[in-house]
K.L.:
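The structure under discussion is supplied below as structure tokens; questions concerning it will follow.
Keep in mind that the numbers below use all heavy atoms, side chains included, and drop hydrogens, waters and symmetry copies. By convention in this document, chain letters (A, B, ...) are assigned in the order of the sequence lines, proteins followed by strands, and residues within each chain are numbered from 1.
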2 protein chains.
Amino acid sequence: MQKNKNGIEKGVLLPRPSSNETQFFDEEWSDEDFKNIIRKLNLKVTPQRMIILNCLHKNRKHITAQELFEKVQKLNEDIGFATVYRFLKDLALGHAVTEVRMGGMPARYELTPKKHHDHMTCTECGRIVEFQNKSIEQHQEKVAEQFGFKLTHHVLELYGICPSCQTHE
Amino acid sequence: MQKNKNGIEKGVLLPRPSSNETQFFDEEWSDEDFKNIIRKLNLKVTPQRMIILNCLHKNRKHITAQELFEKVQKLNEDIGFATVYRFLKDLALGHAVTEVRMGGMPARYELTPKKHHDHMTCTECGRIVEFQNKSIEQHQEKVAEQFGFKLTHHVLELYGICPSCQTHE
DNA sequence: TTTGCAAATGATAATCATTCTCATTAAATT
DNA sequence: AATTTAATGAGAATGATTATCATTTGCAAA
């Protein structure tokens, strides 16, 4: 993957339901990966959970529990929505999915990527750019060290106006 | 305020209801500040709103709407809780307060500080350390520039184990 | 200062995401 | 295959947040 002088890796451009241009990193996940995720949480592998994880992976990122439930139902009419909620909660507890909450909106979930990335969101159009930046993470480690903390994870969300919204207004 | 070699300013230590040691930056706010906040949002200055802002300032940081409502009621029995919710929402919209949501918990609010800071939270005991780091912010600007975004604000939350939790377990 | 009016307030109802309950079913281990 | 324990599904319960609406109030213009 290309890298620029600032150490930023650019995400690939994936198609998306909305008209907003959105840059996402793509990743491969196998059924074996999903089974390992479930077992690592000390949970049982069930067809429901496999379907839920597959839907999480195949559909748009940052999906709500309700949206995910609807996708899942198309594959198996009999899966209840309590199952989806419950499993998402378990996954979030074990950091297998990342939960993002904005305002009073329902929570949105995405499979925690193998390669960590952060988000930059356009507050005008909602376009999301994923990025990686080693320097920022090194400085985070320094902060933690300074206070004697052992870092486990972080959330970094940048907000601003994207190029196209700066132009069109 | 002292600064160390990593450019990190340490927060001062303030008393707090819980037994957890928590480092917070302290700030002065006057009634004039509060009136300016309200006017900047194109809202009218009312006694209710002044009381709400004063309570937000004087009480523990990261307060829930419900907790804030209870504090406010002690000062004026007649203030409804819809007023508290509504005003908090308005303040959050205008970035005058910062809204933090974790899990399914109710949202927590704090007056957006004059001097921006970020948070590092201990996942074991909930201790919160506030910090400032210029380097991280400079790198954030580089990321934004890289993608042509004009940054407006950001959320950075570090999570880890604090020194005392590392020792006691 | 008084008046007019848009905005704010307070009480309550409505909404809606999320969590819980419990009877039933299924995974995994021996 | 039997046993044990967790998972599931349906629906009810919870609880934070938001909307409604009649009444009151800030405040600017006269």
Side-chain angles (χ1 to χ4, degrees), chain A residues 31 34-53 55 62-94 96-109, chain B residues 31-32 34-55 62-94 96-109:
Chain A
D31 275 8
F34 293 147
K35 286 179 186 170
N36 287 333
I37 286 176
I38 296 172
R39 294 194 184 108
K40 208 170 293 175
L41 298 172
N42 291 319
L43 300 174
K44 291 178 179 172
V45 174
T46 65
Q48 289 93 333
R49 285 172 175 162
M50 290 303 288
I51 287 175
I52 291 170
L53 283 174
C55 282
H62 307 115
I63 199 171
T64 66
Q66 184 61 41
E67 286 165 356
L68 180 58
F69 169 61
E70 285 159 16
K71 303 278 186 188
V72 163
Q73 275 217 315
K74 286 180 186 165
L75 293 191
N76 184 334
E77 177 72 35
D78 294 331
I79 296 180
F81 93 144
T83 301
V84 175
Y85 265 96
R86 249 184 318 226
F87 189 40
L88 277 177
K89 195 190 71 180
D90 293 337
L91 289 168
L93 252 178
V97 302
T98 303
E99 190 187 65
V100 177
R101 287 163 183 275
M102 271 193 59
M105 303 287 97
R108 291 184 169 273
Y109 299 88
Chain B
D31 275 7
E32 231 12 79
F34 294 147
K35 286 180 186 169
N36 287 334
I37 286 176
I38 297 172
R39 294 196 184 107
K40 208 171 294 175
L41 297 171
N42 291 319
L43 300 174
K44 290 178 179 172
V45 174
T46 66
Q48 290 93 333
R49 285 172 175 162
M50 290 303 286
I51 287 176
I52 291 170
L53 284 174
N54 267 287
C55 283
H62 307 116
I63 200 171
T64 66
Q66 183 61 39
E67 285 166 356
L68 180 58
F69 169 60
E70 285 159 15
K71 304 278 187 189
V72 163
Q73 276 218 315
K74 285 178 187 167
L75 294 191
N76 184 332
E77 177 72 36
D78 293 331
I79 296 181
F81 93 146
T83 302
V84 175
Y85 265 95
R86 250 183 318 225
F87 188 39
L88 277 177
K89 195 191 71 181
D90 293 338
L91 289 168
L93 251 177
V97 302
T98 303
E99 190 188 63
V100 177
R101 289 165 182 273
M102 272 192 57
M105 304 286 97
R108 290 184 170 273
Y109 300 87

K.L.:
The side chain of Arg49(A) lies closest to which of these nucleotides: dA7(D), dT18(C), dT17(D)?
P.N.:
dA7(D)
K.L.:
With sequence neighbours excluded, tell me which residues meet side-chain contact (heavy atoms from CB on, under 4.5 Å) with Lys44(B).
P.N.:
Arg49(B)
K.L.:
CD of Glu77(A) versus P of dG9(D): gap in Å, rounded?
P.N.:
11 Å
K.L.:
Got a sec, which residues hit side-chain hydrogen bond (donor to acceptor under 3.5 Å, both in side chains) with Tyr109(B), two or more places apart in sequence or on another chain?
P.N.:
Glu99(B)
K.L.:
Please list all pairs passing the salt bridge (charged side-chain N to carboxylate O under 4.0 Å, His left out) test where one or both residues lie in residues 62-88 of chain B, with sequence neighbours left out.
P.N.:
Glu67(B)-Arg108(B)
K.L.:
Which residues pass the side-chain hydrogen bond (donor to acceptor under 3.5 Å, both in side chains) test with Asp31(B), not counting sequence neighbours?
P.N.:
Asn54(B)
K.L.:
To the nearest 10°, let me know how far the axis at one end of the helix from dT1(C)-dA30(D) to dT30(C)-dA1(D) is tilted from the axis at the other, five pairs an end.
P.N.:
50°
K.L.:
Just to verify, what does Phe69(A) make a ring-ring contact (aromatic ring centres under 6.0 Å, His included) with, not counting sequence neighbours?
P.N.:
Phe81(A)
K.L.:
Rounding to an integer number of Å, can you tell me how far Gln73(A) CD sits from dT8(D) P?
P.N.:
15 Å
K.L.:
Using atom names, set out every protein N or O paired with an N or O of nucleotides 27-30 of chain D below 3.5 Å, distance rounded to 0.1 Å.
P.N.:
{"residue": "dC27(D)", "atom": "OP1", "partner": "Val45(B)", "partner atom": "N", "Å": "3.2"}

K.L.:
Heavy atoms under 4.0 Å, any strand shown: does Gln66(B) hit a base, just sugar-phosphate, or nothing?
P.N.:
nothing
K.L.:
Write down the distance between CG (Leu41(B)) and P (dG26(D)), rounded to a whole number of angstrom.
P.N.:
19 Å
K.L.:
Establish, with yes or no, whether the OP1 or OP2 oxygen of dA16(D) is under 4.0 angstrom from a side-chain nitrogen or oxygen of Arg108(B).
P.N.:
no
K.L.:
Calculate the interatomic distance between Phe81(A) atom CZ and dA7(D) atom P; express it in whole Å.
P.N.:
19 Å
K.L.:
Near DNA chain C, counting only heavy atoms under 4.0 Å, which residues of residues 82-91 of chain A show up?
P.N.:
Ala82(A), Tyr85(A), Arg86(A)
K.L.:
Check whether any side-chain nitrogen or oxygen of Gln48(B) sits under 4.0 Å from OP1 or OP2 of dT25(D), and answer yes or no.
P.N.:
no
K.L.:
Using the test side-chain contact (heavy atoms from CB on, under 4.5 Å), find all partners of Leu75(B) that sit at least two apart in sequence or belong to another chain.
P.N.:
Ile51(B), Cys55(B)
